[in-house]
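In what follows, every chain begins at residue 1, and chains take the letters A, B, ... in the order their sequences are listed.
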2 protein chains.
Amino acid sequence: MRPTVHDIAAAAGVSLATVDRVLNLRPGVRSATREKVEQAIERIGYIRDVAAANLAKSRVYPFTFILPSGDNSFMRGLETEIRAAMRRSAVERTAISLVTVPPFDVEALERALDDARATRPAGLAVVAVDSPIVAAAVGRLHRDGIPAITLVSDLSVSTRDHFAGIDNSAAGRTAGSLMGRFLGTRPGPVVVLAGSMLVRDHRDRLAGFRAVLEADFPGRTILPVLEGHDDPAEAERLVTGAFVGHPDIAGIYSLGAGNRGLIAALKMRRTEAPVCVIAHELTAHTRSALKDGLIDAVLNQDAGHEVRSAIRVLKAKADGQAVLSAQERIRIDIFLKDNLPFDDAAPAPEGDDI
Amino acid sequence: MRPTVHDIAAAAGVSLATVDRVLNLRPGVRSATREKVEQAIERIGYIRDVAAANLAKSRVYPFTFILPSGDNSFMRGLETEIRAAMRRSAVERTAISLVTVPPFDVEALERALDDARATRPAGLAVVAVDSPIVAAAVGRLHRDGIPAITLVSDLSVSTRDHFAGIDNSAAGRTAGSLMGRFLGTRPGPVVVLAGSMLVRDHRDRLAGFRAVLEADFPGRTILPVLEGHDDPAEAERLVTGAFVGHPDIAGIYSLGAGNRGLIAALKMRRTEAPVCVIAHELTAHTRSALKDGLIDAVLNQDAGHEVRSAIRVLKAKADGQAVLSAQERIRIDIFLKDNLPFDDAAPAPEGDDI
DNA sequence: CTGTTAGCGCATTCAA
DNA sequence: TTGAATGCGCTAACAG
């Protein structure tokens, strides 16, 4: 059997309570005693049984998740995953609050962060808009000792404890590399459809995409970036306009949301010349466009993994534990029509094991 | 607070022991009593606290992992991950035994399975060679009530409880699709380098690759498959021979191991004509070849994820619990030189958080 | 400053 | 066939 608190107590010649004080860094122990106990811990190779500790504490973790409202499919998928986690709350000892704020609205986000802080959760996860105001609100959480992590989109400079999301520069580079290779020698410029330069993930993707095209595929022109604010209607208008202005477009990289509009524009297009399209996030829309050959590749981040990872990391931070970094790395999934996972065009039945 | 066994006992008007007997399907309860308790459980919505149960039982999970010996980089990486899991044993309440057997050796694998069974582990994971003999040995585990899962390579027909690995057909299709698109209009045949048709993952990849090339890229010839038995020297010889016999080769799909040999052959080649190379498994060798442009894409399965997933699933099976299927789906990672994760050319320092 | 004691939710003797 | 009592490893009152 591995050593327990009793063994420490015996080895150090003190009581359980004192051992507990040392283990949990509680005050009220003479430094000589503390040292004695610490040496005993070291000597017998004690490892705390977290499950037993949580049992004794009847620990529950109140967490708050903040994400953008609106009909962005990816964000709604993220919300679905959070709700799935809420259903697991009893088993996982969590109590999750879900808050939504208008997209790209810095002040609303700041208010939401401050309101959440007032409830003193054990941790908070937020899809960040990259602004000093938001960073300051996150800083206040940090000041109050509340672990805060960014989800999907990070802050450039902040005191957040962790980022649960993909490497967006790498995603942009990957898109660039695929675009360049898929196009081969086919002539024509490429156009980038972004959501907003206010969010860091979009900026990073753009930079990565640009860098690879310029370095590895010189001669391929990139048209001025279209900013569609993740809005399908606006995206459709912008893309349709681009086709009119540049009938020779060879490729489109959609690095934000609003892909419904992009797909509509692609369907409306009355030309035979093929366009290579790379988009982000596997949703019902991009999935069917991929199958139909309207989209060539989709880069995806697994919202379920992100939510589960966020919860694991928040728990670890709340307990001052280390995280398994390899387990928490969110992958950039690349989907072609050939490796689409199980079909969830039909929504999963209620209460299943997702 | 969520209901506990005490609440059940009170609601049913019986003692804790009786509740426990019903909960754990133990004998010695009158069916009338049993029914009373079951109704109480249903009525108050009881959910068992697995952590508390494990604490009371001082539960440890003895698991056995069986994998091929030899210098196959991927398998050694898998072993590294298993050893990392062994180091986490104290925390995760596991006791993992690691057994290696010569690759592609059906009889040795059968013996290892039977030997492992004799130790009566709580679960077993095996990198399977696809043979009825192996399937029968797995069947004996099943008969004895020992959960058994296949790892990396599955059995075609068996009573294994789970497969922890990628969808190899999809992987092959993906390779085919990438190959076809990367090559574009470049002429020339493609060659497939496999390990052995005795393992199911290799067969599945080949079938998927073939299917896509034939359907979506007709006119692209596939040369007869080279079988290198995952041996670098043999692979090098075969690939070099192919280059001599077919100087116009446009692409190579290496769907097994032995990539060191492939890379050596590529380096030796004295032609300027580009060859599109797609391989499996990110190792030190394929990583550097990817960086150098010798390999265009690497399809990878995350060995760490597979091992962690195997352990989670085995625990769940041992406890008769459900698994989060979304969490256990092993992804097909696609790496280009542009989205390589952290560099582990230098082995990670001992005892780090991997 | 330190120790005693009683749980947390569940499993498992041992009696009845 | 049923129940009372004890303990898993740890925390948290409450005394001393």
Are any of B:Thr18's side-chain N or O atoms less than 4.0 Å away from OP1 or OP2 of D:dG3?
->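 Looking at the OP1 and OP2 atoms of D:dG3, one of them is under 4.0 Å from a side-chain N or O of B:Thr18.
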Report yes if at least one side-chain N or O of A:Arg59 is closer than 4.0 Å to OP1 or OP2 of D:dT11; otherwise report no.
->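 Answer is no, no contact under 4.0 Å.
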Taking [atom1] from [X] and [atom2] from [N], how many angstroms apart are they, rounded to a whole number?
{"X": "B:Arg93", "N": "C:dC10", "atom1": "CZ", "atom2": "P", "value": "16 Å"}
{"X": "B:His6", "N": "D:dA5", "atom1": "NE2", "atom2": "C1'", "value": "11 Å"}
{"X": "A:Asp319", "N": "D:dC10", "atom1": "CG", "atom2": "C1'", "value": "13 Å"}

A:Asn24 side chain to A:Arg21 backbone, donor-acceptor under 3.5 Å | no
Looking at DNA chain C, which of residues 21-37 of chain A put a heavy atom within less than 4.0 Å of it?
->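 Those residues are A:Arg21, A:Gly28, A:Val29, A:Arg30, A:Thr33.
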So does [X] pair up with [Y], basic N to acidic O under 4.0 Å?
{"X": "A:Arg140", "Y": "A:Glu110", "result": "yes"}
{"X": "B:Arg59", "Y": "B:Asp319", "result": "yes"}
{"X": "A:Asp114", "Y": "A:Arg111", "result": "no"}

When we call it a touch if two heavy atoms are under 4.0 Å apart, what does [X] touch: a base, just sugar-phosphate, or nothing?
{"X": "B:Val19", "value": "nothing"}
{"X": "A:Ala53", "value": "sugar-phosphate"}
{"X": "B:Asp20", "value": "base"}

B:Leu55 side chain: which of D:dC10, C:dA11, D:dG9 is closest?
->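 So the side chain of B:Leu55 is nearest to D:dG9.
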If you check every side-chain atom of A:Val14, which of C:dG3, D:dC10, C:dG9 has the closest atom?
-> C:dG3
Is there a donor in the side chain of B:Arg331 and an acceptor in the side chain of A:Asn300, or the other way round, less than 3.5 Å apart?
->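 On atom types as modelled, these side chains do not qualify, holding no pair under 3.5 Å.
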Position toward the 5' end of DNA chain C (nearest nucleotide), A:Ala17 or A:Lys57 = A:Ala17
Given salt bridge (charged side-chain N to carboxylate O under 4.0 Å, His left out), test A:Arg93 with B:Asp49 step by step and report yes or no.
-> CA-CA 10 Å; A:Arg93 310 190 93 82; B:Asp49 184 329; 2.9 Å; yes
On DNA chain D, more 5' by nearest nucleotide between B:Ser15 and A:Ile47 is B:Ser15
